[in-house]
Undergrad: 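Structure below; questions to follow.
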2 protein chains.
Amino acid sequence: MPDEQGHPELEEIELGKVLAALADPARRRVIKQLLEDEAGAERHCTSFGLQLSKATRSHHFRVLREAGLIRQVDRGNSRMAQLRYGEIELRFPGLLELIRREKEEQASSET
Amino acid sequence: MPDEQGHPELEEIELGKVLAALADPARRRVIKQLLEDEAGAERHCTSFGLQLSKATRSHHFRVLREAGLIRQVDRGNSRMAQLRYGEIELRFPGLLELIRREKEEQASSET
DNA sequence: TCGATGGTTCTATGTTTTACGAACCTTTGT
DNA sequence: ACAAAGGTTCGTAAAACATAGAACCATCGA
């Protein structure tokens with residue numbers, strides 16, 4: 001079962017949910033940016049340049065979190081996002097590389 | 001542009017569409033079964049054990065085709081489905097392996 | 001030729017997803 | 001204590017999606 005903050009354990013991460021989470025261009029964009037940072041980097045949720053209201057942003061981060069792709073850590077007032085790289089790589093080896101390689105225009109110009 | 005039957009060319013296959021196609025358990029099930037056959041095998045569309053009306057089945061096969069995951073070939077009365085394994089592997093190496101490895105219960109018991 | 005078979009398309013319906021404003025909660029900083 | 005800042009949740013509206021029945025169009029086989 002997910003922890004109090006809604007993070008699934010490694011074994012609970014489901015391929016279906018992960019694929020659904022990554023099917024959205026905005027969420028893929030978040031993951032892509034996290035992939036460009038150094039391992040374990042934490043990023044502020046507003047730092048991804050998403051042209052969305054904060055309610056919608058919150059929604060997308062929830063989907064990513066519940067799918068198991070990111071971990072959200074409370075840092076006082078803010079909530080930082082961290083890619084669960086090692087775990088995802090362990091569970092679905094190669095998946096994140098495919099996301100990383102996608103051209104940026106493709107992810108943003110999608111229908 | 002897609003060919004007359006709606007098959008995208010290799011370069012036109014988009015990660016977003018592929019992920020969206022694979023996010024559905026029924027469609028993932030089809031791909032999984034195709035992965036179990038020998039390379040290049042053709043399967044009859046009714047042979048996947050989908051508990052769905054033929055209209056819905058047709059819809060799912062269309063999504064798979066337009067995403068570029070399968071090729072549909074007319075064989076007289078029937079339309080056979082063929083996994084575009086080599087092409088997908090070329091474009092998104094490792095992706096199909098992830099699908100193959102997913103446990104069957106997980107794919108079918110999803111919400 | 002004609003009925004049965006296999007598939008697609010159209011239309012309709014219910015569900016899910018995306019999106020946003022408004023209200024709300026918490027922490028920070030003064 | 002209180003206002004500002006960062007996020008979540010709620011209510012809601014619009015779009016997208018899954019599903020199936022019905023009409024339709026081929027092809028196959030008798």
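Sequence lines set the chain letters: A, B, ... in the order given, protein chains first and strands last, and positions in each chain run from 1. In this text the structure is predicted, and so the values were computed from the model without any measurement. All values below were derived from every heavy atom in this structure, side-chain atoms included, with hydrogens, water molecules and symmetry-related copies excluded.
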Undergrad: The side chain of A/S78 lies closest to which of these nucleotides: C/dG6, C/dT18, D/dG7?
TA: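 The answer is D/dG7, which lies nearest to the side chain.
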Undergrad: Using atom CZ of B/F61 as one end and atom P of C/dT8 as the other, report the distance to the nearest whole Å.
TA: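 Checked: the CZ to P distance equals 9 Å.
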Undergrad: When you check the phosphate oxygens OP1 and OP2 of D/dT8, does a side-chain N or O of A/R62 lie under 4.0 Å from one of them?
TA: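 Checking A/R62 against D/dT8: no side-chain N or O falls below 4.0 Å of OP1 or OP2.
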Undergrad: Counting N and O atoms only, with roles assigned by atom type, does the side chain of B/R91 sit under 3.5 Å from a partner on the main chain of B/L10, one being a donor and the other an acceptor?
TA: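 Yes, the answer is positive, given that a donor and an acceptor are paired below the 3.5 Å cut-off.
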Undergrad: Within the pair B/R27 and D/dA18, is there a side-chain N or O less than 4.0 Å away from OP1 or OP2?
TA: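 Yes.
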Undergrad: 5'-most contact on DNA chain C: A/Q51 or A/K54, nearest heavy atom basis?
TA: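 It is A/Q51 whose nearest nucleotide is closer to the 5' end.
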Undergrad: Distance-only, no hydrogens or angles: does the A/R28 side chain make a donor-acceptor pair with backbone N or O of A/A23 under 3.5 Å?
TA: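 Present.
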Undergrad: Pairing donors with acceptors under 3.5 angstrom, does anything connect the side chains of A/R71 and A/Q82?
TA: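 There is no such pair (donor and acceptor under 3.5 Å, judged by atom type) between the side chains of A/R71 and A/Q82.
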Undergrad: Tell me the interatomic distance from B/R79, atom CZ, to C/dT9, atom C1', rounded to whole angstroms.
TA: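 So the CZ-C1' distance, B/R79 to C/dT9, works out to 12 Å.
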Undergrad: Measure the distance from CZ on A/R57 to P on D/dA5 and round it to the nearest whole Å.
TA: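 Checked: the CZ to P distance equals 14 Å.
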Undergrad: Kindly indicate whether the side chain of A/S78, heavy atoms from C-beta on, has any atom under 4.5 Å from the side chain of A/E42.
TA: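 SC-SC contact between A/S78 and A/E42 ruled out.
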Undergrad: When the distance from CG of B/D74 to C1' of C/dG6 is rounded to whole Å, what number comes out?
TA: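 Distance check: B/D74 CG to C/dG6 C1' gives 11 Å.
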Undergrad: May I have the distance from B/F48 (atom CZ) to C/dG7 (atom P), rounded to whole angstrom?
TA: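 B/F48 atom CZ is separated from C/dG7 atom P by 11 Å.
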Undergrad: Students often get this wrong, so: under 4.0 angstrom with heavy atoms, is A/S53 touching a base, only sugar-phosphate, or nothing?
TA: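 Base contact - A/S53 has a heavy atom under 4.0 Å of at least one base atom.
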Undergrad: In whole angstrom, give the distance that lies between atom CD1 of B/I70 and atom P of C/dG7.
TA: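 Atom-to-atom, B/I70 to C/dG7, this comes out as 12 Å.
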Undergrad: Would you say that A/L50 contacts A/C45 through its side chain, given a criterion of any heavy-atom pair below 4.5 Å between the two side chains?
TA: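 Sidechains of A/C45 and A/L50: no contact.
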Undergrad: Detail all sub-3.5 Å separations between protein N/O atoms and N/O atoms belonging to nucleotides 26-30 of chain C.
TA:
none

Undergrad: Do the side chain of A/D74 and the main chain of A/G76 share a donor and acceptor less than 3.5 angstrom apart?
TA: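 No, the answer is negative, given that no donor and acceptor are paired below the 3.5 Å cut-off.
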Undergrad: Counting side-chain heavy atoms from CB outward, which of C/dA19, D/dA20, D/dG7 is closest to B/A55?
TA: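 Per side-chain heavy atoms of B/A55, the pick is D/dA20.
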Undergrad: Show your working on side-chain contact (heavy atoms from CB on, under 4.5 Å) between B/L69 and B/V30 and close with a plain yes or no.
TA: CA-CA 10 Å; B/L69 284 162; B/V30 167; over 6 Å; no
Undergrad: Could you give the CG-to-P distance, from A/L52 to D/dT8, as a whole number of Å?
TA: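 Taking atom P of D/dT8 as the reference, CG of A/L52 is at 14 Å.
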Undergrad: How is B/H60 classified with respect to the nucleic acid when contacts are heavy atoms under 4.0 Å: base, sugar-phosphate, or nothing?
TA: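 Here B/H60 touches the backbone only, sparing every base.
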Undergrad: Quickly work out the A/L50 CG to C/dC20 P distance and round it to whole Å.
TA: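 Result: 11 Å.
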Undergrad: Do the side-chain N or O atoms of A/T56 get closer than 4.0 angstrom to the phosphate oxygens (OP1, OP2) of C/dA19?
TA: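 No, A/T56 has no side-chain N/O under 4.0 Å of OP1/OP2 on C/dA19.
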Undergrad: Looking only at side-chain N and O atoms, does A/H59 come under 4.0 Å of OP1 or OP2 in D/dG7?
TA: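 Negative; the distance criterion is not met.
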